[in-house]
> 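Let me give you the structure first, and then I'll get to my questions.
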Amino acid sequence: MNSLIEKIQLLKSEMEKEKVTDPPALEAFRIKYLGTKGLLKQLMGEMKNVAPENKKEAGVLLNEVKQFTEQYYQKAQDSISLNSGSALHSTLDVTLPGDPLPSGGRHPISIVQNKIINIFQRLGFAVAEGPEIEDDWHNFSALNLPEDHPARDMQDTFFISRNPDWMLRTHTSSVQIREMEKGRLPLRIICPGRVFRNETISARAHCFFNQVEGLYIAEQVSFADLKQTLYFFVKEMFGERVQIRFRPSYFPFTEPSAEMDISCLICGGKGCNVCKKTGWVEILGCGMVHPKVLENCGIDSRKYTGFAFGMGIERLTMLLYEVKDLRLFSENDLRFLQQFSSAL
Ligand code: PHE
């Protein structure tokens, strides 16, 4: 029964042809030759059939090939781990300076939004948020803009085709309605968030932008409180030298209503392209909350009064950093964004 001896020799030459260069191949090799059901075990099982006169020779050969296989396995294992990270690890010089990791920065809109939030938080305003998809009540009707009110045209609205009652909010005043409906008074909140209007995209207009609106409702809140609050905001935001003025205006949800201008930051009021030679730029709308809006939210308008204001963050950011094109804010061009990474 010398066929076992032949088999052993065959096994050895086959093994020498194996290419074991990575961990999966190493494991496959182990299972094939050294595993409990591997070829070596099989050959050992055949020992009992070997004729007594050949037993010694076969036993010696089998032992040899077993040792050979184990050494072969060990060598393959060593050379694989030498080429992998674990070996590299031991030769890593931890005192070398690391590769610099470029750190990200905040988007200019976030920088300015955070600045605005921070100023109002110091005055005791809390941040409130709401959904970007709104229903007619919160975006329009509760704000004293009933159906067919001409002022709805001021806000070119994106409607949601699945439900004629739904739309993308055109302002964050909708969040103010949601907060007033909760009935917790007095109320002092600011509502930052993205809003949507169906406008043709250009350097000065976009179909979405960001707002911060504010609302203060308590007993005996007056227009003087509104002015004082906004005065403080402007000084903190743009510095002591900036002038403000109020112009009468119209919003369905406030009465009286006003728009607030600041003296042009670019030319200091002398007149330039940004302020269209007037020396003033409009930055927000505001007014005393219309009694109807309070009543719509279940608030007693004989007991409570309040003021509200709303501003566009893009507009302020353009003024602060002299950005000439609104589209830059949503194009995510790193050459533009990187200029703000160190600010705030
Ligand atoms: N909601 C108004 C707008 O988006 C802004 C505003 C808010 C005006 C509060 C007055 C009072 O145009």
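Values reported hereafter were calculated over all heavy atoms of this structure, with side chains retained and with hydrogens, waters and symmetry mates removed.
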> I need the single residue from Arg178, Glu213, His138 that forms a side-chain hydrogen bond (donor to acceptor under 3.5 Å, both in side chains) with Ser173. Which is it?
Glu213
> Could you check Tyr231, Phe223, Phe120 and say which one makes a ring-ring contact (aromatic ring centres under 6.0 Å, His included) with Phe309?
Phe120
> Keeping Thr172 on the side-chain end and Val175 on the backbone end, is there a donor-acceptor pair under 3.5 Å?
no
> Count the heavy atoms of every other residue, nucleotide or ligand shown that sit under 6.0 Å from NZ of Lys276, and state whether that count exceeds 12.
no
> Got more than 12 heavy atoms from elsewhere within 6.0 Å of CG, Asn273?
no
> Mind checking ring pair (Phe, Tyr, Trp, His ring centres under 6.0 Å) for His290 and listing every partner two or more places apart, or none if nothing turns up?
none
> Could you walk me through whether Cys286 and Leu230 pass the side chain to side chain contact (heavy atoms under 4.5 Å, CB included) check?
CA-CA 10 Å; Cys286 59; Leu230 293 178; 4.1 Å; yes
> Rounded to the nearest 0.5 Å, how far apart are CG of Leu265 and CD1 of Ile283?
8.5 Å
> Measure the CG-OH distance between Asp78 and Tyr73 for me, rounded to the nearest 0.5 Å.
10.5 Å
> Salt bridge or not between Glu179 and Arg188? Use side-chain N to carboxylate O under 4.0 Å.
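No.
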> Taking NZ, NE, NH1 and NH2 as the nitrogens, is one of them in Arg245 or Asp261 under 4.0 Å from a carboxylate oxygen of the other?
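A salt bridge links Arg245 with Asp261.
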> Run the ring-centre check on His171 versus Phe251 and record whether the distance is less than 6.0 Å.
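No, ring centres 6.0 Å or more apart.
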> What distance separates Cys297 SG from Leu187 CG, expressed to the nearest 0.5 Å?
10.0 Å
> Before we go on, tell me: are the rings of Phe307 and Tyr216 under 6.0 Å apart, centre to centre?
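Ring-ring flag for Phe307/Tyr216: true, centres closer than 6.0 Å.
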> Salt bridge (Lys or Arg N to Asp or Glu O under 4.0 Å) with Arg241: which residues, sequence neighbours excluded?
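If we apply the salt bridge (Lys or Arg N to Asp or Glu O under 4.0 Å) test to Arg241, skipping adjacent residues, there are no hits.
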> Could you tell me whether Ile133 atom CD1 has more than 12 heavy atoms of other residues or ligands within 6.0 Å of it?
no
> Heavy-atom count around Gln220 CD within 6.0 Å, excluding the residue itself: above 12?
no
> Please determine if Asp136 and Arg152 form a salt bridge, counting it only when a charged side-chain N lies under 4.0 Å from a carboxylate O.
yes
> Would a distance-only check, ignoring hydrogens and angles, find a side-chain to backbone donor-acceptor pair under 3.5 Å from Gln176 to Gly214?
yes
> Scan side-chain atoms only and decide if Asn139 and Thr170 contain a donor-acceptor pair under the 3.5 Å cut-off.
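Yes, because at least one side-chain N or O of Asn139 sits under 3.5 Å from a partner of the opposite role on Thr170.
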> If you draw a 6.0 Å radius around CD in Glu199, do more than 12 non-hydrogen atoms from other residues or ligands fall strictly inside?
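Yes - once you tally the heavy atoms of other residues, nucleotides and ligands closer than 6.0 Å, there are more than 12.
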> Testing the basics here: between Glu295 and Ser301, what is the closest heavy-atom pair and its distance to 0.1 Å?
OE2-OG, 2.6 Å
> Do you see a donor-acceptor pair shorter than 3.5 Å between the side chains of Asn210 and Glu314?
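A donor-acceptor contact under 3.5 Å links the two side chains.
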> Between Phe329 and Phe208, does the ring centroid distance fall short of 6.0 Å?
no
> By side chain to side chain donor-acceptor pair (under 3.5 Å), which residues pair with Asp99, not counting sequence neighbours?
none
> May I ask you to decide whether Glu236 forms a salt bridge with Arg122, counting only side-chain N to carboxylate O separations under 4.0 Å?
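Yes, this pair counts.
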> So how far is it from Leu320 CG to Arg315 CZ, rounded to the nearest 0.5 Å?
12.5 Å
> Is it true that Glu70 and Arg30 make a salt bridge, defined as a side-chain N closer than 4.0 Å to a carboxylate O?
no
> Once side chain to side chain donor-acceptor pair (under 3.5 Å) is applied, do any residues pair with Asp300, and if so which ones, sequence neighbours excluded?
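Side chain to side chain donor-acceptor pair (under 3.5 Å) check on Asp300 returns Arg302.
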> Roughly how far, to the nearest 0.5 Å, is the NE2 atom of His107 from the CG atom of Asn114?
12.5 Å
> Is it true that Glu46 and Lys7 make a salt bridge, defined as a side-chain N closer than 4.0 Å to a carboxylate O?
yes
> I'd like to know whether NZ of Lys270 has more than 12 heavy-atom contacts from other residues, nucleotides or ligands below 6.0 angstrom.
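For Lys270, atom NZ is not crowded (no more than 12 foreign heavy atoms under 6.0 Å).
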> Partners of Tyr33 by ring pair (Phe, Tyr, Trp, His ring centres under 6.0 Å), sequence neighbours excluded?
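Partners of Tyr33 by the ring pair (Phe, Tyr, Trp, His ring centres under 6.0 Å) criterion, ordered by chain and then number, come out as Phe29.
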> Go through the structure and list residues passing side chain to side chain donor-acceptor pair (under 3.5 Å) with Thr305, not counting sequence neighbours.
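Once residues adjacent in sequence are excluded, Thr305 has no partner under the side chain to side chain donor-acceptor pair (under 3.5 Å) criterion.
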